Amino acid sequence: MNDTAAPSPTAAPRHDFAVAEPRWQAEWERRGCFAVPDVPDGSRPKYYVLEMFPYPSGKIHMGHVRNYTLGDVVARYKRARGFLVMHPMGWDAFGLPAENAARERGIHPAKWTYENIATMRAELKRMGLSLDWAREFATCDVAYYGQQQALFLDFLAAGLVERKESWVNWDPVDQTVLANEQVIDGRGWRSGAPVEKKKLSQWFFRITRYAQELLDGLATLDRWPERVKTMQANWIGRSEGARVRFRLTEPLGELREVEVFTTRPDTLFGMSFLAVAAEHPLAAAAAARDPKAAAFVAECRRMGTSEAAIEQAEKRGYDTGLRVAHPFVEGATFPVWIANFVLMEYGTGAIFGCPAHDQRDLEFARKYGLPVRPVVLPPGADPKTFAIGDAAYVDDGTIFNSGFMDGLGVAAARRAAIERLEATGQGRGEINWRLRDWGVSRQRYWGCPIPVIHCESCGIVPVPKDQLPVALPEDVDFSKPGNPLDHHPSWKHVPCPRCGRPARRETDTFDTFVDSSWYYARFCSPRAKVPVTRAAVDAWLPVDQYIGGIEHAILHLLYSRFFARAMKATGHLAVEEPFAGLFTQGMVTHESYRAADGRWLYPDEVEITVAPDGSRQAIEKATRAPVTIGRVEAMSKSKRNTVDPGAIIERYGADTARWFILSDNPPERDMEWTEAGVAGAFRFTQRLHRLTTAALPALPPPGTPVPATADGPARALRRATHRAIAAVTEALESFAFNVAVARIHELANAIAEAETAGAHADAGLAAARREALEALARLIGPMMPHLAEELWSLLRPGEARLVAELPWPEADPALLKAETVTLAVQVLGRLRATIEVPAGADEATVFALAEAQENVQRALGGKPIRKRIHVPGRVVNLVV
RNA sequence: GCCCGCCUGGCGGAAUGGCAGACGCAGCGGACUUAAAAUCCGCAGCCCACAGGGCGUGGGGGUUCGAGUCCCCCGGCGGGCACCA
């Protein structure tokens, strides 16, 4: 950190945040300003503000500061607008990092997690957030995950859970399942061994059952960003098409046909091959009798399970030598390939290839010399000469070379093809979803145990509810690879609840997305001995404003929407959509710094100097050696471009940190944390304090009305005050916090101007100054809550209510109306002059005045005016 | 690769299809000070033949009396891609 940015003493009494901030935090707590009951009495409308709860990684980071500041502004603003606001906080506390800490540093995951929570809770408290801390919980509290197990049992009984096989990334050296992020270039991050795909029996939530409802529900979410809804709709991926059965020309073992899902049955006559995924039963059967096929399948298995890895890999295939018959063309047969770009999870795991009208099929066909036969003719193309080059033709056109479909458009041909498939028993129309069931099994210790027991006689037996919670054992050994729960000496050995014979506990734990899929509901009755109490969730849900990172746009939000539906189906909730309003914030970024030897340096290890030409140089403080200033990117520990919020709050106070984070840019965009920006925000807090204290001796007593006759500077200041109230209100309502900040700057400027004018102060101006300063203190309340209380207590000593308890100020409409307006005068859309007219001036007057302008006359050049456009209050445009 | 965004002065940004650059940061000039810091006042998109004019919202095209804003194409940057949270 740059020393020149340090606060330095001034002559005037300064706002001492280090004293004031803890004092006001204690006062809010003493008065219980932010506590709300589980079941409110209904005297005020409820408002539920929730920010995505943090993973307790160690310390809070700037992303948290931004997230929780945004939420706190909403919470405080809505409270002032008369709502009963619930604003809770908790911890998303299960997950891999705790296990990594255990393996790498020998700290027990629970100890590591709860210590981190204690640190981060203290940091959040220093931010002055208006939270109801009585509702706090961590998902690793047995009181939470025990209730999660109860929910699971309800879902299981309701048929919303099933067990099936799926593929995982397997590290053959560490003998463990790897997360996608642990697979780097196809190798395990710790062992470096090539990763293989392995099939495991796992638990799944049947989210696909709600595919249509989750899609339809998006239309009701009018306070969600469009792009999030688009992403979810694409993810759910409804597609209408056909399932087509292709008969193998000769059976392969028990296999006699291959089923394909296609959205383009209209292009069936353009078929040139059939391809199956490497995990497809046919590929397995082919591999069993053909070593080369087996080798190809094995190679595909080394690719990892992520869709990105599969789709970015070079398209490769293996011709099995098998052939299938065409459903419409008697005697025509096509080769069956195994292809690495066919996804087993989507459709039937098999496709028919029509290279002329699908880009991926085309690339595959070109690579392996397969025929390319166009069957859709673009409008205006000549059927005799039309040929496909490098690009498949995927748009609409007229079907040709296609027997009974010839001459139809694409849509009609689809219907005709499906009709024929159904008539001949070779297929049917089908709706297919991209959405897959949600696999929730994880072979890990630090998660919620899945409450089932495997019995050799009874099969899978749910743990009876009266035996919940299934608590994690504390004595676990992380020295061996694999799941510590699985090799714990005693934990998994239990009698079968049904037959009493020795049985085994499920040793898989839940995906941590399960934990975060219902925490919003648990906050309504956080100490209940059931997952949720109906009275509480019925009163508080849905969340009115949910705030978090765009990176959760799909999975977390979709899973939460599923959970709300599943909880409704099992009688826990009445709502289907858990989040009525959603706001997605941008990331916090910072420059990165790199020493000549390649070391990344933290911002406070670097000293920046600005040359006269504006260019910036950096040196390392410790060595005085030059440092390369890198690009601005997301704060990350690896690049060391992080700034510790604790240090910032220590140095500048929470209000400054909050103000800077709000003022820098629109909250949905990435913001750049800069030392200069924080220092500027700090100076502004001092300026507001100075403006207030300097004015105090000149102000009339609290409650003195502004004389109605006030004019001149007094009237100008009153207008500025009321314009600011209106503008800040509008900005806060629309999440334009940076604009709210700008409007508050303008009000401060207006107050300072009035102070200068106040050399000949009259009673009117003095009263207007009080009005302005009081409004200012209250308008900053949601953003800089401590300073707001401080200024308010200076202006209104002895006042019973805190800013946190006051209603929001109201703008006087009479003071908002403009008396005159400035109009732009354009000639042919180009600005030539501006004119000042009374607010309600009629068009004739406006045009006459506009055309009389010397500059306008010159621009008109004597040509006749063909058209006059007048947008009242805005612009006049003269067309010649 | 696929899906979704974003791009405006030196920088962050503002702007119901209607005066582009509000407000702030950095900068420059001045006042105050023994001096510095702090504070206060002022200047400031770029260019030119400077009472004026031209060019300007990533690049190219279009719609419109009028486009940062709407449409099409291209480029760059970012988020997600199902076991990171």
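Just so it is clear: chains get the letters A, B, ... in the order the sequence lines come, proteins before strands, and each one is counted from 1. If you're wondering where the values come from, they're calculated on a predicted model, not measured in any experiment.
- Nucleic acid contact class of A/R830 (heavy atoms, under 4.0 Å, all strands): sugar-phosphate only.
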### Task
Do nucleotides 43-53 of chain B as a string where each nucleotide becomes B, S or -: B if the base has a protein heavy atom under 4.0 Å, S if just the sugar-phosphate does, - if no protein is that close.
---------SS
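- Cation-pi check for A/K315 over A/F364 is not met; the charged atom does not lie both under 6.0 angstrom from the ring centroid and within 45 degrees of its normal.
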Using a 3.5 Å cut-off and no angle test, enumerate the donor-acceptor pairs between side-chain atoms of residues 91-102 of chain A and protein atoms at least two apart in sequence or in another chain.
residue : atom : partner : partner atom : Å
A/W91   : NE1  : A/E136  : OE2          : 2.7
A/E99   : OE2  : A/Y445  : N            : 2.8
A/E99   : OE2  : A/W446  : N            : 2.7
A/N100  : OD1  : A/R190  : NH2          : 3.1

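- Between A/F737 atom CZ and B/G13 atom C1' there is a gap of 16 Å when expressed in whole angstrom units.
- The gap from the C1' atom of B/C81 to that of B/G13 amounts to 32 Å, rounded to the nearest Å.
- B/G42 and B/G52 have their C1' atoms separated by 25 Å, with the value rounded to a whole Å.
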Can you give me the N/O atom pairs linking the protein to nucleotides 66-75 of chain B at distances under 3.5 Å, or say none if there are none?
none

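- Atom P of nucleotide B/U39 and atom CZ of A/F684 are separated by 12 Å, given to the nearest angstrom.
- If you take atom C1' in B/C28 and the same atom in B/G10, they sit 13 Å apart, rounded to whole Å.
- Applying the side-chain hydrogen bond (donor to acceptor under 3.5 Å, both in side chains) criterion to A/D508, with sequence neighbours excluded, gives A/Q443.
- The interatomic distance linking A/N665 (CG) with B/G12 (C1') rounds to 7 Å, in whole Å.
- Atoms CD (A/E672) and P (B/G12) sit 8 Å apart, rounded to a whole Å.
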### Task
Start with the C-alpha gap between A/W673 and A/T589, add the side-chain angles, then the distance that decides, and say whether side chain to side chain contact (heavy atoms under 4.5 Å, CB included) holds.
CA-CA 6 Å; A/W673 186 272; A/T589 64; over 6 Å; no
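- Straight-line distance between the P atoms of B/C23 and B/G78: roughly 33 Å, to the nearest whole Å.
- Smallest separation of non-hydrogen atoms from A/T305 and A/V168: CG2-C, 3.9 Å.
- B/A20 atom P lies 12 Å from atom CZ of A/R874, rounded to whole Å.
- Taking only side-chain nitrogens and oxygens, A/R669 comes nearer than 4.0 Å to OP1 or OP2 of B/C7.
- Glycosidic conformation at B/C50 (O4'-C1'-N9-C4 for purines, O4'-C1'-N1-C2 for pyrimidines): syn, within 90° of 0.
- One finds no salt bridge joining A/K199 and A/E279 here, because no Lys/Arg side-chain nitrogen approaches an Asp/Glu carboxylate oxygen to under 4.0 Å.
- In this view, A/Q857 satisfies the side-chain hydrogen bond (donor to acceptor under 3.5 Å, both in side chains) rule with no residue, not counting sequence neighbours.
- Contact between the side-chain N/O atoms of A/N738 and the OP1/OP2 oxygens of B/A14 is found at a separation under 4.0 Å.
- Taking atom P on both B/G60 and B/U69, the two are 13 Å apart, rounded to the nearest angstrom.
- Among the protein residues, A/T674 comes within range of no part of the nucleic acid, since none of its heavy atoms lies under 4.0 Å from any strand.
- When the ring pair (Phe, Tyr, Trp, His ring centres under 6.0 Å) test is applied to A/H556, the partners found at least two apart in sequence or on another chain are A/Y546, A/H552.
- Comparing the C1' positions of B/A85 and B/G79 gives an interatomic distance of 15 Å, to the nearest angstrom.
- Atoms CG (A/N340) and P (B/C2) sit 16 Å apart, rounded to a whole Å.
- Distance check on atom C1': B/A26 versus B/G45 gives 15 Å, rounded to whole Å.
- A glycosidic torsion no more than 90° from 0 defines the syn conformation; B/G61 lies beyond that range and is anti.
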### Query
How does RNA chain B read in dot-bracket, base by base from 5' to 3', with Watson-Crick or G-U pairs under 3.5 Å and | used when the partner is on another strand?
(((((((..(((.....[....))).(((((.......))))).((((...))))..(((((..]....))))))))))))....
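- Between A/E307 and A/R434 there is a salt bridge, since at least one side-chain N of the basic residue sits less than 4.0 Å from a carboxylate O of the acidic one.
- Taking the six-membered ring for Trp and thresholds of 30 and 60 degrees, A/F205 and A/W438 have ring planes more than 60 degrees apart, a perpendicular arrangement.
- Taking atom CZ of A/F660 as the reference point, atom P of B/G13 lies 11 Å away to the nearest angstrom.
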Could you pull out all donor-acceptor pairs under 3.5 Å where a side-chain atom in residues 734-748 of chain A meets a protein atom, sequence neighbours excluded?
residue : atom : partner : partner atom : Å
A/S734  : OG   : A/E730  : O            : 3.0
A/S734  : OG   : A/A731  : O            : 3.3
A/R743  : NH1  : A/E746  : OE1          : 3.2
A/R743  : NH1  : A/E746  : OE2          : 3.1

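- Regarding A/N749, its CG atom lies at a distance of 8 Å from the C1' atom of B/C23, rounded to whole Å.
- Distances were taken from every side-chain heavy atom of A/P666 (C-beta onward) to each of B/A26, B/G13, B/G24; the shortest belongs to B/G13.
- In this structure, a donor-acceptor pair under 3.5 Å is absent between the side chains of A/Q232 and A/W224.
- Shown here are the side chain to side chain contact (heavy atoms under 4.5 Å, CB included) partners of A/Q359, two or more places apart in sequence or in another chain: A/L362, A/E363, A/A391, A/A392.
- The side chain to side chain contact (heavy atoms under 4.5 Å, CB included) check on A/R442 picks up A/R444, A/T509, A/D511, with sequence neighbours excluded.
- Within the nucleic acid shown, A/R360 has no heavy atom closer than 4.0 Å to any nucleic acid atom.
- No donor-acceptor pair closer than 3.5 Å links the side chain of A/R868 to the backbone N or O of A/N877.
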### Query
How does each nucleotide of nucleotides 78-85 of chain B score, in 5' to 3' order, for protein heavy atoms under 4.0 Å: base (B), sugar-phosphate only (S), or none (-)?
SBSBBBBB
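- Listed nucleotides B/C40, B/C4, B/U16 differ in distance to A/R690; the shortest reach to its side chain belongs to B/C40.
- B/G29 and B/A14: their P atoms are spaced 31 Å apart (whole Å).
- With sequence neighbours left out, the side chain to side chain contact (heavy atoms under 4.5 Å, CB included) criterion links A/A313 to A/M303, A/N340.
- Comparing A/V741 and A/E226 by the nucleotide of RNA chain B that holds the closest heavy atom to each, the one mapping nearer the 5' end is A/E226.
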